[in-house]
*Asks:* 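One structure coming up, written as structure tokens, with questions to follow.
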Amino acid sequence: MIIVEVGSLNMDLVVQMPEIPKLGETLLGGVFKMIPGGKGANQAVSAARLGAKVFMIGCVGIDTFGEKLITGLSNEGIDISNVFFHAEESTGVALIQVDSQGQNTISVASGANLCLTSSDVEKALKSIGNFDALVMPLETPMETIWMATKIAFHKGAKVILNPAPAQTIDPALLSMIDFLVPNEHEIGLLNGSAQKSDPDMFQQAEILISHGLKHLIVTLGSQGSVYFDGMTKEGVIFPPYKVNTIDTTGAGDCFIGALAVGLCEGKTIASAAGFASAASAISVTRLGAQSSLPTRREVEEFMDKILLT
Ligand code: RIB
């Protein structure tokens with residue numbers, strides 16, 4: 001099973017705090033960790049740890065963070081020959097604060113991630129050849145998303161788009177996407193309606209599906225996820241696994257990588273979503289993005305244990 005990831009690589013500078021400071025406030029008592037992240041790289045590592053052969057397409061700066069990030073991916077068995085280096089921009093950095101409930105705020109300086117070009121993507125995909133699925137967040141320029149989607153669509157590979165951070169998605173792009181996987185906050189922004197808080201999920205789903213989207217899965221954090229079928233227009237709720245949350249950073253990325261693996265293995269959508277929920281449930285019990293992503297064995301053991309209880 002071959003998965004191509006087109007996406008971001010960031011070094012996450014994480015401070016764990018009892019609570020996140022308010023605007024203008026300074027709080028002491030944090031614990032600092034530097035952890036590899038970036039939605040694209042997180043999704044790539046998630047899929048690789050669960051058994052996929054993964055090719056990463058992205059861009060870093062010529063600096064220590066970039067070096068550390070690509071070495072980390074390579075140690076996971078991920079092909080990094082299509083991670084480009086930009087001479088003038090720094091590697092992406094994310095400043096993350098995590099509170100005692102596991103909630104976070106994330107500020108990203110995208111740096112070199114925004115220097116990935118559509119011709120880089122075209123060149124990379126030509127060198128990779130055939131693949132089963134293309135997985136992408138929205139932390140690289142929109143032109144790279146278009147290029148990768150068009151190529152994958154014509155090759156007949158599954159296209160899985162995680163529209164994060166959220167922005168309006170062109171209906172023509174939606175029609176080439178097999179699975180769109182936003183979270184409950186992002187879905188309100190995809191149709192350009194700027195319905196940031198409390199969007200009517202069903203109404204938003206209907207609009208997205210009317211543009212030709214085949215499958216929509218909305219992740220709801222500790223509430224599980226909802227699946228909308230583009231053909232039958234029906235919605236199904238997938239329940240969550242209850243765990244003790246330490247840090248939710250990267251849980252969505254973990255879900256996406258695992259979903260891609262499950263779908264490429266031929267699991268049904270319900271079973272792939274269940275597998276992905278189990279993987280992300282494990283990830284929230286640990287600190288950090290890539291540091292929290294589970295292996296195949298961990299996910300299988302977790303699911304077996306749930307079945308027995
Ligand atoms: O989804 C979590 C990720 O978002 C972090 O690893 C951070 O780098 C940002 O890209």
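Just follow the structure's listing: the first ligand is 1, and inside any ligand the first atom is 1.
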*Asks:* In terms of side-chain heavy atoms, does Gln204 have a donor or acceptor partner in Asn191 at a distance below 3.5 Å?
*Replies:*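 Asn191 and Gln204 do have a side-chain donor-acceptor pair below 3.5 Å.
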*Asks:* Anything with a heavy atom under 4.0 Å from ligand 1 counts, so go ahead and list those protein residues by chain and number.
*Replies:*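 The answer is Asn10, Asp12, Gly37, Gly38, Lys39, Asn42, Ala94, Glu139, Gly250, Asp253, Ala289, counting any residue whose heavy atom sits under 4.0 Å from ligand 1.
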*Asks:* Below 4.0 angstrom, N of the basic side chain to O of the carboxylate: do Arg296 and Glu265 qualify?
*Replies:*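 So Arg296 pairs with Glu265 through a salt bridge.
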*Asks:* Would Lys233 and Glu206 pass as an ion pair if we require N to O under 4.0 Å?
*Replies:*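 Looking at Lys233 and Glu206, the cut-off is not met.
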*Asks:* Please tell me whether Asn10 and Ser8 have a donor and an acceptor in their side chains that are separated by less than 3.5 angstrom.
*Replies:*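 Short answer, no.
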*Asks:* For Asn162 and Met136, indicate whether the former's side chain and the latter's backbone hold a donor-acceptor pair under 3.5 Å.
*Replies:*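 No, because the side chain of Asn162 does not come within donor-acceptor range (under 3.5 Å) of the backbone of Met136.
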*Asks:* Looking at Thr245 and Asp247, would you say the former's side chain and the latter's main chain have a donor-acceptor pair under 3.5 Å?
*Replies:*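 No: the side chain of Thr245 does not pair with the backbone of Asp247.
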